Every structure is written in C-alpha cells, then in structure tokens.
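Below, all heavy atoms of this structure are taken into account, side chains as well, without hydrogens, waters or symmetry copies. None of these values were measured; they are calculated from a predicted model. Each chain gets a letter, A, B and so on, in the order its sequence line appears, and its residues count up from 1.
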2 protein chains.
Amino acid sequence: MPDATTERPYHHGNLRTALLDAAERSLREHGADRLALRDLAREIGVSHAAPRRHFPDRQALLDALAEAGFARLDAVLRSALAGADDDFAARVRAAAVVYARFATENAALLELMYTSKHRAGATRIVAAAEAPMRLLAEVITEGQAQGALEPGDPERIGIILFATLQGIASLVNGNFVPPDRLDGLVETAVEQFLRGARPAS
Amino acid sequence: MPDATTERPYHHGNLRTALLDAAERSLREHGADRLALRDLAREIGVSHAAPRRHFPDRQALLDALAEAGFARLDAVLRSALAGADDDFAARVRAAAVVYARFATENAALLELMYTSKHRAGATRIVAAAEAPMRLLAEVITEGQAQGALEPGDPERIGIILFATLQGIASLVNGNFVPPDRLDGLVETAVEQFLRGARPAS
DNA sequence: CCTACTATGTTGCTCATGACAACATTTGCC
DNA sequence: GGCAAATGTTGTCATGAGCAACATAGTAGG
C-alpha cells in the first residue's frame with residue numbers, strides 16, 4: 001500500500017522515461033563521466049537496482065541517450081528546413097546554424113552521440129544518425145537539382161558539410177575556439193562550402 | 001636492496017613516463033573509460049598508490065595524455081609538411097592526409113584530446129592544441145602569399161580546414177562512415193576547400 | 001661521512017559505484 | 001481468480017578512486 005504522504009507507489013509508472021530525463025540533466029550538468037545510475041535512482045526516488053530493469057547496464061543508458069539525441073537533432077533540423085526558404089543557399093545556411101546551435105547547446109550530449117567507438121552494439125546509434133545525415137543529403141540533392149551544386153554523390157558532399165559543422169562545434173565545445181566565434185565560423189564555412197561545391201562555371 | 005631475480009628497485013626510475021606509456025596502450029586497447037590507474041600500476045609493477053605521486057588524480061593523467069597527443073600531432077604534421085612540395089595545394093593535401101591518418105589511427109586519443117569540456121584546468125591542453133593550429137594557419141598564410149587563397153584571417157580559414165578534417169575523422173571513428181571512405185572524403189574535402197577558399201577570379 | 005630533507009613508493013583504509021542474485025509486489029492476461 | 005511477466009527492492013560482492021600514515025631512497029649541506 002502506498003504511503004499517502006510520500007505518494008510512492010511500488011511501480012513508478014514510467015521509470016524509463018524518468019531515467020532518461022534525469023540522465024540528460026545530469027549529462028548536461030556534470031558530463032557523462034560523472035553520470036551515475038545510483039544518482040539517478042536516488043533523484044527519482046527508486047531503489048538503486050531499479051534502473052537495471054530498463055537498462056541492462058550503464059552503457060545502455062548512455063546509448064539510449066545518444067540515440068535520442070540523434071532523433072532530436074533530426075527533428076530540429078527538419079523543423080528548421082521546413083521554415084526555410086526554397087533557395088538552396090538559404091537552406092544550407094539554416095541547417096548549418098541550427099546544427100551548430102544544437103551542438104554547442106548540448107555539448108556533452110554531442111560527445112556521447114559521436115563517441116560510439118569501442119562498443120560493438122552501437123548499431124542503433126549509427127542507425128539513428130542516418131536520419132539527419134540523409135536529411136542533409138536530400139538538401140544536397142535539391143541543390144544539385146537547382147544547379148547550385150556540382151553533380152556527384154550527394155551523400156559524400158553531405159558528409160563533408162556535416163563533418164565541417166561537427167568539427168567547428170567540437171572545437172568550440174572543447175574551448176579551442178571562443179564561443180563568440182561560432183557564428184562567424186559557421187558562416188564562413190557555409191560560404192566556402194557553397195563556393196567550393198558549386199559547378200565549375 | 002633490490003631482489004636480484006625480480007629486479008624491482010624501490011624507486012622505479014621514471015614511473016611517470018612508464019605510466020604515460022602504459023596509459024596510452026590501455027587507451028588504445030580499451031578506451032579511456034576503462035583506463036584504471038590501478039591497472040597501470042599493476043602492469044608496471046608498482047603499488048596502487050604510486051601513480052598518485054605523479055598525477056594527482058585520474059583526470060590529470062588523461063590530461064597529460066591529451067597534451068602529449070597534441071604535441072605528437074604537431075610533430076607529425078610538421079614532418080609531413082617538411083617533406084612536402086612547395087606547391088600550396090600539395091601542402092594542404094599532405095597535411096590533410098597526415099591529420100586524417102593520425103586521427104583514425106589514434107581514435108581514442110583524439111577523443112581525449114578534443115574532450116576537454118567540463119574541466120576548468122584544461123588550459124595546458126588548449127595551449128598544446130595551439131601549436132598544430134598555428135601550423136595550419138601558417139600554411140594558409142603561405143597560400144595567401146602564393147595567391148592561391150583569398151585574403152582574410154588565416155586563423156579563421158585554418159580553423160575551418162582543421163574542423164573539417166576533425167569532423168571527417170570523427171565520423172569515421174564513430175563508425176558512421178566506413179573507414180575505406182576516409183581517403184576519398186579527405187580528398188574531396190581538400191578539393192572543395194581549395195576551390196571554396198581561392199580568390200574570386 | 002653523516003645528517004636532514006625531499007622525492008618517491010607502499011600499506012591500509014574509506015567510500016562510491018556497477019553488477020548481480022534472490023525476493024517482493026503489481027499488472028495484465030487467460 | 002489465478003498465474004506469468006513486469007517491475008522494484010534488499011543485500012552482497014568486486015573494483016577503483018582518493019586519502020593518510022608510514023617506509024625507503026636519493027641528495028645536498030655541513
């Protein structure tokens with residue numbers, strides 16, 4: 001019987017979600033290294049072993065966070081593109097700005113997302129990453145159709161754009177470049193990209 | 001008195017270096033997460049508390065590894081550039097290829113190097129990173145002098161090149177892109193960079 | 001030489017965490 | 001209603017980080 005005052009039913013209801021939420025906050029505040037399952041359990045008010053019912057081990061939770069991160073990134077990008085002009089340059093700019101913002105506002109999460117190395121079972125993460133990458137590739141394809149871009153494998157070109165943005169964000173997140181230079185760098189990168197990948201006149 | 005057979009003098013001689021070496025191997029084999037000071041101590045044959053005399057805590061060791069990593073990267077880049085042609089495009093290509101190789105052959109180390117977030121005292125790492133960045137900027141400056149590049153802050157342009165390469169390596173290291181595409185991507189990225197940053201004709 | 005003094009290692013703790021097992025309570029389905 | 005699967009709980013173990021007190025080895029003056 002639940003205690004009327006503390007209101008703690010035996011079953012939490014949706015511990016999994018609560019864990020992911022708490023984990024994301026912890027990630028943001030303290031980084032992945034200091035994220036402890038037991039902390040989350042305490043914070044939520046369940047026993048220290050409860051998380052195990054939803055995530056076999058710590059890494060599984062981190063993987064789930066990364067996976068969700070890519071989904072969110074995809075959503076954010078899609079939303080930005082939906083609101084953007086039809087002009088190819090404008091669309092690339094919009095995507096780039098949004099990506100950069102997402103990447104710097106969720107630095108620790110980004111790290112998690114791209115740090116799948118050394119785990120065999122990162123298949124889900126890689127799959128989740130395909131959505132935003134395909135999205136970029138689609139934008140590229142549009143650009144090629146508009147004649148703004150040289151022909152060629154759109155995926156390859158998209159990957160390079162993706163990589164450039166990720167690299168810039170990574171340099172900012174690592175304090176190698178002051179944050180106030182972010183926008184300028186992204187802008188220059190996009191300009192160069194547009195110039196470098198346009199058809200030979 | 002040292003035991004003649006086990007040959008273990010009370011003082012190791014240069015534990016610090018031994019620790020860094022062992023740490024780098026462990027990093028390469030198991031990743032930063034599973035790097036344990038006690039493991040290193042065991043492997044080297046000293047007591048579990050010995051590392052503390054050289055690194056106040058685990059993070060300090062990781063920081064030292066990252067710092068050394070940037071030094072090595074700088075050396076590798078310098079060496080590649082020293083052996084490269086005077087031609088600007090050739091120099092950029094050489095640097096890019098070497099960077100990409102270093103980054104993918106030392107994936108876990110690279111991660112450490114760029115993951116200084118969330119630590120206040122990462123000053124040394126950031127400082128160490130300046131060497132290779134300056135090097136890139138110098139190459140850019142040369143290119144501008146040769147007229148192969150548009151004028152403008154060489155640092156900014158160098159950062160973008162740097163970021164692009166880092167991003168590509170990161171995507172490969174994270175298994176988001178198959179390793180055999182690395183060379184092609186780097187090449188394309190360099191071509192686009194050279195086209196995108198050259199002076200408006 | 002011999003005596004501090006400092007650097008470097010060692011032993012022995014404490015504490016936290018992840019992982020696991022055995023048990024308890026719900027929930028839902030037949 | 002009753003049984004099986006979910007979901008939580010308590011208890012335990014192994015491991016590692018960090019700290020303190022102690023031991024040993026170089027080293028620098030006197």
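Rounded to an integer number of Å, the gap from CZ of B:F55 to P of D:dA17 is 14 Å. Rounded to whole Å, atom P of C:dA19 lies 11 Å from atom CG of A:L61. Taking atom CZ on A:R58 and atom P on C:dC20, their separation rounds to 15 Å, with Å as the unit. Atom pair B:D57:CG and D:dG16:C1' shows a separation of 13 Å (rounding to whole Å applied). Rounded to an integer number of Å, the gap from CG of B:L19 to C1' of C:dT8 is 12 Å. In this structure, CG of B:L37 is placed 12 Å from P of D:dC19, rounded to the nearest angstrom. To the nearest angstrom, C1' of D:dG16 lies 15 Å from CD of B:Q59. As a whole-Å value, the separation of B:R42 CZ from C:dG9 C1' is 16 Å.
You'll find that the side chain of B:H54 is closest to C:dG9, out of C:dG9, D:dA17, C:dT17. For A:A49, the side-chain atoms get nearest to D:dT9 when compared with the rest of C:dT11, C:dG9, D:dT9.
Side-chain contact of A:R34 with A:S26: a donor-acceptor pair under 3.5 Å is absent, judged by distance alone.
Applying the 4.0 Å criterion to OP1 and OP2 of C:dT10, one finds that B:R53 has every side-chain N and O outside that range. At the phosphate of C:dA16, neither OP1 nor OP2 sits under 4.0 Å from any side-chain N or O atom of A:H48. Residue A:R52 places none of its side-chain N or O atoms closer than 4.0 Å to OP1 or OP2 of C:dG18.
Residue-level contact check: B:R16 touches neither bases nor backbone, having no heavy atom under 4.0 Å from any strand. Within 4.0 Å (heavy atoms only), B:R34 reaches no atom of the nucleic acid at all. The residue A:A36 sits close only to the backbone: its heavy atoms come under 4.0 Å of sugar-phosphate atoms, none of a base.
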I'd like to know whether A:D21 forms a salt bridge (Lys or Arg N to Asp or Glu O under 4.0 Å) with A:R25, so could you lay out the CA-CA distance, the side-chain angles of the two residues, the decisive distance to 0.1 Å, and finally the verdict.
CA-CA 6 Å; A:D21 286 353; A:R25 213 160 358 120; over 6 Å; no

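Here CZ of B:R72 is found 4.5 Å from CD of B:E24. Values are rounded to the nearest 0.5 Å.
Between B:F162 and B:Y99, a ring centre-to-centre spacing shorter than 6.0 Å is recorded. The ring of B:F70 has its center closer than 6.0 angstrom to the ring center of B:Y114.
In terms of polar N and O atoms assigned as donor or acceptor, the side chain of A:R38 comes within less than 3.5 Å of the base of C:dG18 in a complementary pairing.
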